[in-house]
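Letters go in sequence order (proteins before strands), and every chain restarts at 1.
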2 protein chains.
Amino acid sequence: MRTTINDIARLTGTSPTAVSFVLNGKDHKRVHPAKRQAILDAIEKYGYRRNMAAKGLTMRRAFRIGICVAGRLDQTRVLAAAGHYGLVSQAAARLHESGYGIALLQLDLALPLPEACRRLVREDVDGFLFINFPVMALDRLLFSMAERRIPAISVGAAVEGAHSWVAIDHERSFELGCIHLLDAGLRRLVMLDTDASRVSSEAKRRGYERAMRARGLEPLPTVASVASGARGACDAARAALETVPDVEGILLTDNGHAAVVQMALSGRALRLMGFGDDGPARECDPPISWMSLPVHSVADAAVDHLLRWIDAPEPPPPLQRRFDCALIAPGA
Amino acid sequence: MRTTINDIARLTGTSPTAVSFVLNGKDHKRVHPAKRQAILDAIEKYGYRRNMAAKGLTMRRAFRIGICVAGRLDQTRVLAAAGHYGLVSQAAARLHESGYGIALLQLDLALPLPEACRRLVREDVDGFLFINFPVMALDRLLFSMAERRIPAISVGAAVEGAHSWVAIDHERSFELGCIHLLDAGLRRLVMLDTDASRVSSEAKRRGYERAMRARGLEPLPTVASVASGARGACDAARAALETVPDVEGILLTDNGHAAVVQMALSGRALRLMGFGDDGPARECDPPISWMSLPVHSVADAAVDHLLRWIDAPEPPPPLQRRFDCALIAPGA
DNA sequence: ATGAAAGCGCTAACAC
DNA sequence: GTGTTAGCGCTTTCAT
C-alpha cells in the first residue's frame with residue numbers, strides 16, 4: 001500500500017488539509033513554517049507520491065494533454081518537410097516542463113468521424129494537439145472537440161473557420177530564402193521540388209514568384225522530381241540543369257535530399273538554398289544555407305495557448321498564427 | 001456536469017452495481033438481459049463516458065503504459081538502423097488495441113538517476129517500455145523500476161542481468177543476409193558500414209564473418225564511412241570498389257543511404273543487400289533485397305509480456321528474446 | 001492558523 | 001439476480 005496524504009498527516013501530527021496545502025504550494029499564510037518543514041521531511045522520508053487519479057477525480061482534470069498524429073508515427077516520411085517529429089518532440093517537451101503528461105494517440109484517418117471522436121474522448125485528457133493533420137480532417141475534428149468543450153489546436157496546418165491553429169508560413173519563408181539569393185546577386189534562380197508530399201509546393205512557388213517579380217525578374221519554370229527518393233531528386237537536379245543551362249542558384253523545397261542533390265550538381269558553380277529540417281541540411285558538404293523550420297516557436301505557441309485555454313473560465317479567442325522560417329547561413 | 005454511473009442507474013431504475021457490471025462485461029449471471037439492454041440504451045442516449053480517474057482510483061491502476069525514449073524523439077537519426085519510430089509506433093498501436101493509453105516520456109539521459117526515477121514515477125503508469133535505450137543506462141533504470149515494483153521492459157536493446165528485454169538479433173540477421181548472397185553463388189562479399197551510430201556494427205561483422213567462414217571463405221576487410229551522411233556513404237562505396245576491385249556483392253549495415261550507395265555504384269554489376277528500415281530500401285531502383293527489421297514482432301512481444309506482467313499476481317520470469325530480421329526479396 | 005468532513009465517480013464485498 | 005454501502009486518495013469549504 002502506497003503512502004497517502006493521510007499517512008503523512010498522521011505521521012507529522014497534522015491534518016490532510018495541511019499536507020495538501022504544502023503539496024500544492026498554497027501554504028502562504030496557512031501552514032506554520034515548522035509544520036511545513038515537518039511535512040516536507042516526512043514526504044521525503046517516506047517517499048510519498050501523490051495519487052494523480054485521486055487528484056484528477058477531485059479536480060476534474062487529467063493534467064495530461066493528448067498529442068494526436070494522423071495515421072502512424074512511423075509512416076510519416078512524406079511529412080519530413082513539415083518537421084513532424086520536431087513538432088511532436090518539442091510540444092511534448094514543453095508540456096512536460098509545464099507539469100503536464102503526454103498521451104500519444106495515433107488516429108487512423110480511415111476511421112469514420114464518430115468512431116474517431118470516440119477514441120479521442122476515451123483518451124481522457126484536458127486538451128488536444130493535432131500535429132500535421134491533413135486540412136480535410138481538421139475542420140470536423142476540431143468542431144467535434146469544440147462541441148464537447150475539449151480545447152484543441154491544430155499544429156502545423158492552418159485550417160479555415162473559428163478554430164485555433166499555429167502553422168509555418170511556407171510562402172513567406174520561401175520568399176525570404178529566394179530574396180537571400182537575389183541579394184547575393186544571383187538572377188537565374190530555379191525552384192527544385194523534391195518534396196514527395198507536395199503539400200506546400202504551391203505556397204512555396206508563390207513565394208518564389210513574388211520574390212522574383214519584386215526584382216523585375218520573370219520566374220523560371222519549377223522542376224519537380226518524378227520518382228520519389230534519392231534517385232528522383234538526382235534526376236530532377238539534372239533536369240534543372242538542362243531546362244535552365246545558365247542557372248545560378250537552386251531553391252530546394254525540401255532538405256530531405258539536399259546532400260544528394262548537391263552531389264548530383266557538384267562541378268557546377270551554383271548556389272544551393274535548402275528548406276526544412278536542419279538534420280539533412282547539416283549533412284551537406286560544403287555547407288549550404290537553408291530556411292530552418294520554426295518547430296520550436298510553433299510548438300511552444302500552440303502549447304502555451306492550449307494551457308491558457310484550459311485554465312481560462314471562458315474559451316479565449318482562437319489563436320491563428322503563421323511563423324517564418326529562420327535563415328541559417330553556416331558560412332556567415 | 002458529466003453523466004455518471006449513478007445517473008444511468010437512476011434513469012434506468014437499476015443500481016450503480018448493475019451499470020458497472022454491464023460496463024465491464026461482467027454481467028454473466030448477474031444482470032437481467034432486459035435491464036442490461038435498458039442500461040446500454042441509456043448509456044448510448046445520454047452519451048455516458050466512464051471516468052477513468054475514478055476507475056483508476058478504485059482499481060489502483062492507471063490503464064496506461066509509459067513509452068520512454070532516450071533524449072528527444074526527434075534527435076534519433078543515429079538510431080534509424082534500429083527502427084526507432086517503428087518500435088514506438090507499433091508498441092503504441094498494440095497497447096491501444098489492448099485498451100491501454102500511452103504516456104510518452106522523453107527522458108534526458110544527462111539527468112542523474114534519482115531525478116530520472118522521479119520523473120518516471122511521476123508519470124503514473126502501470127508499466128514502462130524503454131525503447132532503444134543505451135545499454136549503459138538500462139541496468140540501473142530497470143533495477144530502480146523493479147525496486148518500486150513497476151513492470152518495465154527494454155525494447156530494442158539487450159541488457160545483462162535479470163531484466164526483461166526484447167531485441168533484434170543483428171548478428172544472426174546479418175549472417176542470414178550474407179548467406180543469401182552466398183547461396184546466389186557470390187563469393188567476393190564486402191560489408192559496407194554506413195551506420196553513423198555504429199551501435200550494432202560489431203555484431204553484424206561477426207555475423208558476416210561466420211557466414212563467410214562457414215563456406216570456407218576468408219572474410220574481406222569491412223569498409224566504413226568516414227564522413228556522415230550521403231556523401232560519407234558514397235565515398236565509402238567507392239572506397240569499397242578500390243579495396244576489393246573484384247567485389248561481387250556489398251552488404252549494407254544500414255538502409256539509411258541505400259539508394260545513394262546504389263547510385264554511386266551504378267555501372268558496376270554487383271549485388272546489394274540492405275539491412276534496416278524498409279522505407280529507404282524501397283526507394284532503390286532497381287529494387288534490392290534487404291533484411292527487414294522485425295519491429296512488429298519485437299514491439300508486440302514486449303507489450304504482451306508487459307501486460308501479462310501487470311495482470312499477474314507475481315512477477316513472471318524475465319522475458320529475454322532476440323528476433324531475426326526477415327529477408328525481403330522484391331524480385332522474388 | 002487549523003482540522004473535520006463532504007464529496008469526486010467508480011468497484012466490489014456483502015446482505016438480501 | 002439485485003441494491004446498499006464502504007471505501008480508493010485527494011481538494012476544499014466551513015467552522016473553529
Side-chain angles (χ1 to χ4, degrees), chain A residues 1-40 42-43 46-64 99 101 121-126 311, chain B residues 1-40 42-43 46-64 99 101 121-122 124-126 311 313:
Chain A
M1 189 62 62
R2 255 168 56 177
T3 320
T4 76
I5 204 176
N6 295 297
D7 297 332
I8 299 294
R10 195 162 12 82
L11 257 16
T12 56
T14 61
S15 71
T17 310
V19 180
S20 175
F21 273 61
V22 170
L23 233 31
N24 296 310
K26 293 180 178 173
D27 52 330
H28 299 292
K29 288 278 154 294
R30 185 69 163 78
V31 182
H32 191 90
K35 297 213 161 195
R36 183 193 137 82
Q37 194 53 54
I39 289 171
L40 252 20
I43 285 175
Y46 296 97
Y48 166 78
R49 307 186 279 121
R50 74 139 74 51
N51 183 324
M52 289 307 281
K55 176 166 183 165
L57 182 58
T58 313
M59 311 262 293
R60 290 92 179 286
R61 284 268 211 102
F63 300 102
R64 206 178 309 116
V121 158
R122 283 192 56 224
E123 283 301 305
D124 102 320
V125 294
D126 299 327
D311 285 328
Chain B
M1 190 61 62
R2 254 168 58 176
T3 319
T4 76
I5 204 176
N6 295 298
D7 297 331
I8 299 295
R10 196 164 10 83
L11 257 14
T12 56
T14 60
S15 71
T17 309
V19 180
S20 176
F21 274 59
V22 169
L23 232 32
N24 296 311
K26 293 180 179 174
D27 51 330
H28 300 291
K29 287 277 153 296
R30 185 69 162 81
V31 182
H32 191 89
K35 298 212 160 194
R36 183 192 138 81
Q37 194 53 52
I39 289 170
L40 252 20
I43 286 175
Y46 295 97
Y48 165 79
R49 306 187 281 119
R50 75 139 73 52
N51 182 325
M52 288 307 283
K55 176 167 183 163
L57 182 57
T58 313
M59 311 263 292
R60 289 90 180 281
R61 285 269 211 100
F63 301 101
R64 205 177 310 114
V121 157
R122 283 191 57 223
D124 104 319
V125 294
D126 299 326
D311 285 328

Self-check item: Shortest non-hydrogen contact from B:T3 toward B:Y48
Solution: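 Heavy atoms only, the tightest pair is O-CD1, 3.3 Å.
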
Atom [atom1] of [X] and atom [atom2] of [N]: how far apart are they, to the nearest Å?
{"X": "A:N51", "N": "C:dC8", "atom1": "CG", "atom2": "C1'", "value": "13 Å"}
{"X": "B:I43", "N": "C:dC10", "atom1": "CD1", "atom2": "C1'", "value": "13 Å"}
{"X": "B:R10", "N": "D:dT4", "atom1": "CZ", "atom2": "P", "value": "13 Å"}
{"X": "B:M52", "N": "D:dC8", "atom1": "CE", "atom2": "C1'", "value": "15 Å"}
{"X": "B:L57", "N": "D:dC10", "atom1": "CG", "atom2": "P", "value": "9 Å"}
{"X": "A:I8", "N": "C:dG3", "atom1": "CD1", "atom2": "P", "value": "15 Å"}
{"X": "B:R60", "N": "C:dT11", "atom1": "CZ", "atom2": "P", "value": "14 Å"}
{"X": "A:R49", "N": "D:dG9", "atom1": "CZ", "atom2": "P", "value": "12 Å"}

Would one find a side-chain N or O of [X] under 4.0 angstrom from OP1 or OP2 of [N]?
{"X": "A:K55", "N": "D:dT12", "value": "no"}
{"X": "B:R61", "N": "D:dC8", "value": "no"}
{"X": "A:S15", "N": "C:dG3", "value": "yes"}

Quiz item: Across the strands shown, which category fits A:R2 at heavy-atom distances under 4.0 angstrom: base, sugar-phosphate, nothing?
Solution: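 Contact class for A:R2: none.
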
Exercise. Identify whether any heavy atom of A:V31 sits under 4.0 Å from a base atom; if not, whether one sits that close to sugar-phosphate; answer base, sugar-phosphate or nothing.
Key: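 The answer is sugar-phosphate, as A:V31 gets under 4.0 Å only of primed atoms, P, OP1 or OP2.
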
Quiz item: How would you list, by chain and number, every residue that makes a salt bridge (Lys or Arg N to Asp or Glu O under 4.0 Å) with B:R2, sequence neighbours excluded?
Solution: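 None.
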
Practice problem: With sequence neighbours left out, write down each residue that passes side-chain hydrogen bond (donor to acceptor under 3.5 Å, both in side chains) with B:R64, or none if nothing qualifies. | Solution: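 B:R64 satisfies side-chain hydrogen bond (donor to acceptor under 3.5 Å, both in side chains) with no other residue.
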
Self-check item: Which residues share a side-chain hydrogen bond (donor to acceptor under 3.5 Å, both in side chains) with A:K35, sequence neighbours left out
Solution: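 side-chain hydrogen bond (donor to acceptor under 3.5 Å, both in side chains) check on A:K35 returns nothing, list empty.
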
Practice problem: Check DNA chain D for consecutive Watson-Crick or G-U pairs with both distances under 3.5 Å and list the runs of at least three as stems. | Solution: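 For DNA chain D the paired stretches long enough to count as stems (3 pairs minimum) are C:1-16 with D:1-16.
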
Quiz item: What do you reckon, is CZ of B:R61 surrounded by more than 12 foreign heavy atoms closer than 6.0 Å?
Solution: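 Correct, the count exceeds 12.
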
Check: protein-nucleotides 12-14 of chain C nitrogen or oxygen pairs below 3.5 Å:
residue, atom, partner, partner atom, Å
C:dA12, OP2, B:K26, NZ, 3.4
C:dA12, N6, B:T17, OG1, 3.0

Quiz item: To the nearest 0.5 Å, what is the distance between OG1 (A:T58) and CZ (A:R60)?
Solution: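 Output value for this atom pair is 9.0 Å.
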
Side-chain donor-acceptor distances from residues 13-24 of chain A under 3.5 Å, at least two apart:
residue, atom, partner, partner atom, Å
A:T14, OG1, A:T12, OG1, 2.8
A:S15, OG, A:T17, N, 3.4
A:S15, OG, A:A18, N, 3.3
A:N24, OD1, A:R50, NH2, 2.6
A:N24, OD1, A:K55, NZ, 3.4
A:N24, ND2, A:S20, O, 3.0

Exercise. With the side chain counted from C-beta on, respond yes when A:R10 and A:T4 share a heavy-atom pair under 4.5 Å apart, and no when they do not.
Key: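 Answer no - side chains too far apart.
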
Practice problem: Kindly indicate whether the side chain of A:L11, heavy atoms from C-beta on, has any atom under 4.5 Å from the side chain of A:Y46. | Solution: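 When only atoms from C-beta onward are counted, A:Y46 and A:L11 do touch, with a gap below 4.5 Å.
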
